[in-house]
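Residue numbers start at 1 and run along the sequence shown. As the structure lists them, so they are numbered: ligands from 1, and atoms in each ligand from 1.
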Amino acid sequence: MRILVTAGGTREYIDPVRFISNASTGKMGYALARTAAKRGHIVTLIAAPIAMKAPSHVDVVNVVTCREMFDAVKDNFDQCDCLIMAAAVSDYAPVRTSKMKMKKSASDLTIRLKPTSDILAWAGKNKKSRIVVGFALEDEKLLERAEQKLADKKLDMIVANSLSSIGTDAATVHIKTLDADWLTIPDTPKRKIAAKIIGRVETLRIKRRKSS
Ligand code: CTP
């Protein structure tokens with residue numbers, strides 16, 4: 001399969017040196033790209049700034065903002081069989097980015113934010129026969145909200161995890177596909193979680209081919 005994976009936390013710039021981002025380290029996305037390549041898939045990784053060496057045998061497209069990630073996903077979507085959105089994409093970006101470094105003053109500072117585009121929702125809407133996998137990070141009602149996301153964004157699979165999984169080498173995740181119940185993978189290294197996710201993607205693909 002041709003698999004497109006996004007990873008890392010996007011940055012939305014306030015001025016040339018300051019940005020809004022999140023605590024994602026990109027470990028899950030990298031593990032997915034590495035595992036998919038090892039299993040013989042053709043992998044493109046769209047990576048927001050990450051302090052890790054790119055996995056071997058993977059084409060890497062480096063991006064910074066949500067806008068750039070969206071453009072890179074659109075550029076590669078037609079040729080892919082599966083998109084896995086493991087990136088932590090900023091939901092908001094500053095309305096204006098200052099060209100000059102902002103100076104401090106004694107008064108309060110308000111930064112106006114506007115919503116960014118939802119890449120995953122766009123992919124779900126335009127997927128045709130492609131498999132689209134999303135991630136959900138919630139601090140409460142994890143499975144309920146993740147299942148809602150699966151339906152709302154027209155996904156084939158959702159991987160739900162809690163806030164404690166950010167930046168760690170191991171995590172507890174819950175996986176749901178449309179045709180099966182929740183599968184919980186407790187406290188497992190991300191490379192093993194990646195193997196489970198890619199395995200499920202392969203199964204979905206085989207099922208889809210048989211039914212078409
Ligand atoms: N995502 C995306 N584009 C965005 C924001 C998020 O493609 N602008 C993707 C992420 O890569 C992830 C999924 O959406 O796969 C879930 O992101 P999350 O932030 O949990 O969901 P939201 O839809 O933003 O909903 P909420 O903020 O209510 O949790």
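Protein residues with any heavy atom under 4.0 Å from ligand 1: Met85, Ala87, Val89, Ser90, Asp91, Thr116, Ser117, Asp118, Ile119, Leu120, Gly134, Phe135, Leu137, Glu138, Lys149, Lys153.
At least one donor-acceptor pair closer than 3.5 Å links the side chain of Thr188 to the backbone N or O of Pro186.
Within a 6.0 Å radius of NZ in Lys125, no more than 12 heavy atoms belonging to other residues, nucleotides or ligands are found.
By the 4.5 Å heavy-atom criterion applied to side chains, Trp182 and Leu143 are counted as neighbours. Side-chain contact check for Arg11 versus Thr65: every heavy-atom pair is 4.5 Å or farther apart. His41 has its side chain out of reach of Asp81: every pair of non-hydrogen atoms, C-beta onward, lies at least 4.5 Å apart.
Alongside Leu137, the hydrophobic cluster contains Leu163, Ile166 (criterion: ILVMFWY side chains under 4.5 Å).
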